[in-house]
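Data first, discussion second: the structure below is written as structure tokens.
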Amino acid sequence: NPPTDVSQLDGLIFAAAPTYFSEEQIERVKLLCERASCPAISLNTDFGFIPCVSIDNYHVLEEVIEHFVTDHGFTRIDFLSGTPHMQIAKDRLRCYEDCMKRHGLYDERRVFHGDFWRNKAVDATKYFLELEDELPEAIVCANDYSALVVCRELNKRGIRVPEDVQIIGYDGIVDYATGRFGCSTIVQPIPEIAETAVKFLIHQQGALTPSNVTLPVYFASGGTTRE
């Protein structure tokens with residue numbers, strides 16, 4: 001629970017995933033900001049009444065899908081989306097839809113709406129494999145947790161990744177046992193997000209105008225895609 005007395009704080013950073021904020025919690029955030037005499041900022045959640053540091057959920061993912069289509073000639077590209085009401089899930093799904101429609105490849109049956117977690121990823125893998133006789137050539141996942149589960153489920157069925165199906169996730173989760181990315185992924189610049197938020201608070205003492213910052217992301221190979 002957030003503190004009720006925020007009068008002694010020099011800055012407020014709200015750093016929970018968007019799915020964790022109910023309407024009631026958003027109202028509590030707004031009330032805290034009104035009570036505080038210090039600047040406030042959020043990470044990856046645009047409340048609309050305080051600045052936000054977020055990431056680009058569109059352009060690098062667009063490049064990856066374009067690579068699958070243009071360089072590999074893929075036509076069977078499936079998409080495992082995230083929790084439908086979350087803005088980051090909407091942005092990433094919109095990117096997939098735009099790319100596939102641009103090439104005349106969009107088929108809504110190739111989209112499975114997940115929840116950014118494991119059980120839905122198991123269901124999605126089964127769904128994609130039963131969709132048609134041929135294997136999908138690539139499965140694009142809205143986050144790494146989902147991608148890792150899809151890889152596991154394919155391997156259990158004797159389907160090789162990336163030889164038979166290429167998989168990409170999103171977020172840049174590192175396997176701390178090896179220090180490597182667990183799958184090919186689009187990496188969030190976590191240190192830069194934190195640094196940007198702190199610098200913003202330091203330089204915005206007394207400022208009242210909200211201002212959002214969007215940081216770039218980048219692709220990293222984790223062994224589940226080919227060149």
Side-chain angles (χ1 to χ4, degrees), residues 17-18 43-44 53-83 86-103 105-106 110-112 114 116-118 121 124-125 128 135-155 159-196 213-227:
L43 308 184
N44 281 329
V53 180
S54 60
I55 60 169
D56 182 350
N57 284 295
Y58 192 98
H59 290 97
V60 174
L61 181 59
E62 179 184 38
E63 293 173 8
V64 169
I65 297 172
E66 285 287 342
H67 172 70
F68 283 150
V69 174
T70 305
D71 297 335
H72 289 282
F74 288 173
T75 59
R76 300 187 306 279
I77 304 172
D78 296 339
F79 188 78
L80 172 50
S81 188
T83 308
M86 292 177 60
Q87 189 60 48
I88 59 173
K90 293 177 182 178
D91 291 343
R92 295 171 190 180
L93 175 58
R94 177 171 58 87
C95 175
Y96 169 81
E97 291 175 339
D98 289 349
C99 290
M100 298 298 279
K101 287 176 181 178
R102 188 159 55 243
H103 291 281
L105 297 173
Y106 179 70
R110 292 198 173 278
V111 176
F112 187 97
F116 289 126
W117 204 236
R118 295 182 173 90
T125 306
F128 289 143
L135 289 173
E137 292 162 305
I139 300 176
V140 179
C141 302
N143 74 330
D144 287 348
Y145 284 120
S146 299
L148 291 168
V149 172
V150 171
C151 290
R152 183 194 69 195
E153 292 299 305
L154 292 176
N155 288 330
I159 300 170
R160 301 170 301 167
V161 178
E163 292 84 357
D164 300 325
V165 181
Q166 297 194 48
I167 307 292
I168 184 168
Y170 206 113
D171 288 336
I173 293 177
V174 172
D175 182 340
Y176 288 101
T178 63
R180 300 175 181 174
F181 294 110
C183 62
S184 295
T185 183
I186 296 169
V187 183
Q188 293 194 54
I190 300 299
E192 289 83 358
I193 292 172
E195 181 180 2
T196 300
V213 178
T214 301
L215 298 179
V217 294
Y218 63 92
F219 170 78
S221 177
T224 59
T225 53
R226 301 196 303 271
E227 293 293 331

Please name the pair of heavy atoms, one in [X] and one in [Y], separated by the smallest distance, quoted to 0.1 Å.
{"X": "Cys95", "Y": "Glu62", "result": "SG-N, 3.3 Å"}
{"X": "Gly223", "Y": "Pro162", "result": "O-CD, 3.4 Å"}
{"X": "Cys141", "Y": "Ala147", "result": "SG-CA, 3.6 Å"}

Any donor-acceptor N/O pair, [X] side chain to [Y] backbone, under 3.5 Å:
{"X": "Thr225", "Y": "Ser184", "result": "no"}
{"X": "Thr224", "Y": "Ile167", "result": "yes"}
{"X": "Glu137", "Y": "Arg76", "result": "yes"}
{"X": "Tyr96", "Y": "Ile77", "result": "yes"}

> Is there a side-chain contact between Thr125 and Leu154 (heavy atoms, below 4.5 Å)?
Replying inline: yes
> Asp171 versus Tyr145: any side-chain heavy-atom pair under 4.5 Å?
Replying inline: no
> Is the number of heavy atoms from other residues, nucleotides or ligands under 6.0 Å of Phe128 CZ greater than 12?
Replying inline: yes
> Under the 6.0 Å and 45° cation-pi test, does Arg110 pair with Phe79?
Replying inline: no
> Who pairs with Phe181 by ring pair (Phe, Tyr, Trp, His ring centres under 6.0 Å), at least two apart in sequence or on another chain?
Replying inline: none
>> For Phe116, give me all partners under ring pair (Phe, Tyr, Trp, His ring centres under 6.0 Å), at least two apart in sequence or on another chain.
In response: none
> Is any side-chain N of the basic residue among Glu66 and Arg102 closer than 4.0 Å to the acidic one's carboxylate O?
Replying inline: yes
> Are side-chain N/O atoms of Asp144 and Thr185 paired as donor and acceptor at under 3.5 Å?
Replying inline: yes
> Are Tyr58 and Asp98 close enough that a side-chain donor and a side-chain acceptor fall under 3.5 Å?
Replying inline: yes
> What is the distance from atom CG of Leu215 to atom OG1 of Thr196, rounded to the nearest 0.5 Å?
Replying inline: 4.5 Å
